[in-house]
Number of protein chains: 4
Amino acid sequence: MARPRSSDAHARILAATSELLEQTAVSELCIEEIAARAKVGKQTIYKWWAGKGELAMEAALANVEAHVHVEDTGDTRRDLQSFLKKSARLLRETSTGRTLTALMAQAQGDPEFLEDFRERFLEVRRGALRTLLRGGLKTGQLRRDFDLELFIDLVFGAYWYRMLTRRAPLDDRFAAELLEMLWPFVAARKKAAA
Amino acid sequence: MARPRSSDAHARILAATSELLEQTAVSELCIEEIAARAKVGKQTIYKWWAGKGELAMEAALANVEAHVHVEDTGDTRRDLQSFLKKSARLLRETSTGRTLTALMAQAQGDPEFLEDFRERFLEVRRGALRTLLRGGLKTGQLRRDFDLELFIDLVFGAYWYRMLTRRAPLDDRFAAELLEMLWPFVAARKKAAA
Amino acid sequence: MARPRSSDAHARILAATSELLEQTAVSELCIEEIAARAKVGKQTIYKWWAGKGELAMEAALANVEAHVHVEDTGDTRRDLQSFLKKSARLLRETSTGRTLTALMAQAQGDPEFLEDFRERFLEVRRGALRTLLRGGLKTGQLRRDFDLELFIDLVFGAYWYRMLTRRAPLDDRFAAELLEMLWPFVAARKKAAA
Amino acid sequence: MARPRSSDAHARILAATSELLEQTAVSELCIEEIAARAKVGKQTIYKWWAGKGELAMEAALANVEAHVHVEDTGDTRRDLQSFLKKSARLLRETSTGRTLTALMAQAQGDPEFLEDFRERFLEVRRGALRTLLRGGLKTGQLRRDFDLELFIDLVFGAYWYRMLTRRAPLDDRFAAELLEMLWPFVAARKKAAA
DNA sequence: CAATAAACGAGACGGTACGTCCCGTCTTCAG
DNA sequence: CTGAAGACGGGACGTACCGTCTCGTTTATTG
């Protein structure tokens, strides 16, 4: 019976938020500025989002493709390499990187936010990698006796550590070196097979 | 020629800050509350620290022993294990962990802060591990052909990833598993030598 | 198109200001206390008044009847006496007197405030007296050859001098003596007419 | 045995105060700026004066000759005219005028200050005028039947009113007109005697 | 197709904390 | 011991945003 939600306003709010999120921490987002940029009343924001956290999360993840497409060429090493390079590419794109680090930062002081962030981003990425690795296990390209989750921690840990500390670039070379370093450990011993 | 800085006030300010820092993000520290707790005028805080960042950094690092003592028993594996366990212990102590994640979060929106954090904490830890590993290289307990810095990224990456995402506890078991997973890769191949 | 100004808050602010103004100088008004007493955010005050001056002026003059009713019985001496007594009564009422001296004091260090005060209070009173005297001139009850403005200066000068220096009470007796002293000078010489 | 008070510092403090007093209200004097200008420690000021009031009073009155010299030529009208002109001259000199209005303003919110101001300035001037008028009474140049104090109120009232309201200049012409207006009232009726 | 009821833009409101200014007191050292 | 220097605890300043609350306007049904 009533006027329906304006998807236009909705979009403008998310756009304004994303824009600001590339430059500032979530907690330093200024709702009044978002409203002004989006030409929206403040109430319209509070109507649909509980606070900066929710808003930032939605704005940020709208820009990161929700589902990670994992190739499955049958060659686990190649697929893994491809995944690592794509991940590096995603993260090093400045705006995405800045935004993700902003989310991770926000999560440190806000347990609910962290929970949300894990479900909607971190676990999705872990899941993708896990699927990939399980494929390798099935085809016998990977050893059976290593802790898969710990391995995933190592991979994403290295990525996040570099991203958060700006220690070194997240480029293809890094992805390659990482694979080179870790591969021998997870790869099935071909020679033993031979 | 004037009255000297009050070391007492200085200490009270840092103590109040540490206390609050265990519960809140750096950017949500309330200077007025710090001043009130420390029974200090706000100006005394602004006189000596440029803002919440500087204050939080000093308060946090005052509680983390600046120098990491690295044992050198001659047995690199044992020393490494010991280092990893001590590190895990430091980080999982609630107050320290919370504080460090707060610093890392703050660093994400504040490049100068990050720079400072790297110099005063991250690089100190990296340096300790680097020294330890170089010892192993000298004594031939470690292979020569691996990228030392990348290895350090992997180690600290795993720690920070777990701490920041609260994915799993940073306990001695984690330290043990981590070593078990990574050791084969860096250890010199004794059997090959044999 | 937005929510309209709250006349309630407006009134509470003026009331709180008036209250404080009876006891303190304009420059010593504490905006924070006004806000607290009026149960109002400070910003609401700053939104509508530029500072203590404007606020005090409005609060003070709201309590002083803007227009002075000047009687016109046809008997100039009687009207003048009545005006002088009413003026004395107004000023010696403690709260009004304190408030007006506070405004006059403020005006000394603030030219714009003085200008405003003259227009909104001093000139209104002068105007009333001027009208009264001109009536007397028309009906021939007053001499034509005296400087009307100088006379007005003398009258109000005496009032303000006594009020500001607390030299003596501003009572009806004072008003009577003042008239008695000044009347002969402005009155038309009836005997000459006779 | 002790170092004596530095009359130099004392003078520099008063000088700095006078300087600032020409531009600002007493309550807006900034002790820290006075100390800086006078190259003096704040404590040295607090040591010798209780606050801005006392300091301003001393600084201001040091610049106004304490004793008013009243001429006595034997001609009361001439002496009165001379007194009025000298008074006008004193007050219209910008720095003195500003300073005196600042004192009068301060007195409005500070009873002790008012008391002091009356004793040290207002009553001195009243006394001078009173002496002058009594001389005229003795020599029969003035009527006996008028209220001397009320007359003094009228004179000083007119001066202060003009000065405080900046209504019109305090020039010699004003002094002349004032005398012309008031003289007939206080002068003995010579013609009646004749 | 008018009435109606939610969604909207605007922005005023009560409030919290900010970083600054200055207060009056204190603590040091130089002369 | 006086006096310059200036650190200290404290209080108010005027500003920036917060999240809530009215307003009048717009707009897609529903009666």
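Here is the naming used below: chain letters follow the sequence lines, and residue numbers restart at 1 for every chain. In this text the structure is predicted, and so the values were computed from the model without any measurement.
Regarding A/H10, its NE2 atom lies at a distance of 17 Å from the C1' atom of E/dA6, rounded to whole Å. Here F/dA4 presents its C1' atom at 11 Å from CD1 of D/I13, a figure rounded to the nearest Å. Spacing between atom CZ of A/R37 and atom P of F/dC17 amounts to 12 Å, rounded to whole angstrom units. Atom CZ of A/R5 is separated from atom P of F/dT27 by 18 Å (rounded to the nearest Å). The CD-C1' distance, from B/E33 to E/dC18, rounds to 15 Å in whole Å. Taking atom NZ of D/K39 as the reference point, atom P of F/dG3 lies 18 Å away to the nearest angstrom. The CZ atom of D/R12 sits 9 Å away from the P atom of F/dA5 (whole-angstrom rounding). Taking atom CG of B/D8 as the reference point, atom P of E/dC26 lies 16 Å away to the nearest angstrom.
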Please produce a list of atom pairs where a protein N or O lies less than 3.5 Å from an N or O of nucleotides 23-25 of chain F.
residue : atom : partner : partner atom : Å
F/dC23  : O2   : C/M1    : O            : 2.3

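Between C/I34 atom CD1 and C/K52 atom NZ the span is 8.0 Å, to the nearest 0.5 Å. Rounded to the nearest 0.5 Å, atoms CG (C/D110) and CZ (C/F117) are 12.5 Å apart.
For D/Y46, counting side-chain heavy atoms from C-beta on, the closest listed nucleotide (F/dG14, E/dG14, E/dG24) is E/dG24. Closest to the B/E32 side chain, of the nucleotides E/dC18, E/dC13, F/dC17, is E/dC18. Here the nucleotide nearest the side chain of B/T44, chosen from F/dT2, F/dG9, E/dC22, is F/dG9. When each of F/dA4, E/dT20, E/dC8 is scored by its nearest atom to the side-chain atoms of A/S6, the top-ranked nucleotide is E/dC8. Considering only the side chain of B/C30, E/dA17 comes nearest among E/dG9, E/dA17, F/dG9.
With DNA chain F read from its 5' end, the first of the two nearest nucleotides for A/I31 and B/A9 is the one closest to B/A9. Between D/K52 and A/V40, the residue anchored closer to the 5' end of DNA chain E is A/V40, taking for each the nucleotide with the nearest heavy atom.
Within a 6.0 Å sphere centred on CZ of A/R98, heavy atoms belonging to other residues, nucleotides or ligands number 12 at most. Crowding of A/E115 atom CD: a count of heavy atoms from other residues, nucleotides or ligands under 6.0 Å exceeding 12.
The two atoms that bring B/R12 and B/A38 nearest to each other are NE-O, 2.8 Å, heavy atoms only. Shown here for C/M163 and C/G97, the closest heavy-atom pair between the two residues is SD-CA, 4.2 Å. Closest non-hydrogen pair, D/R166 versus C/R118, comes out as O-NH1, 3.3 Å.
The residue A/I34 sits apart from the nucleic acid: no heavy atom pair falls under 4.0 Å. Residue D/I45 is classed as having no contact, given no heavy-atom separation below 4.0 Å to the nucleic acid. A/A35 comes within contact range of no nucleotide atom at all, as no heavy-atom separation falls under 4.0 Å. D/Q43 comes within contact range of at least one nucleobase, with a heavy-atom separation under 4.0 Å.
Of the possible donor and acceptor atoms, none in the side chain of A/Q108 sits under 3.5 Å from a partner among the backbone N and O of B/A25.
Here C/W48 reaches the OP1 or OP2 of E/dC13: one of its side-chain N or O atoms lies under 4.0 Å away.
A donor-acceptor contact under 3.5 Å links the side chain of A/K42 to the base of F/dG19.
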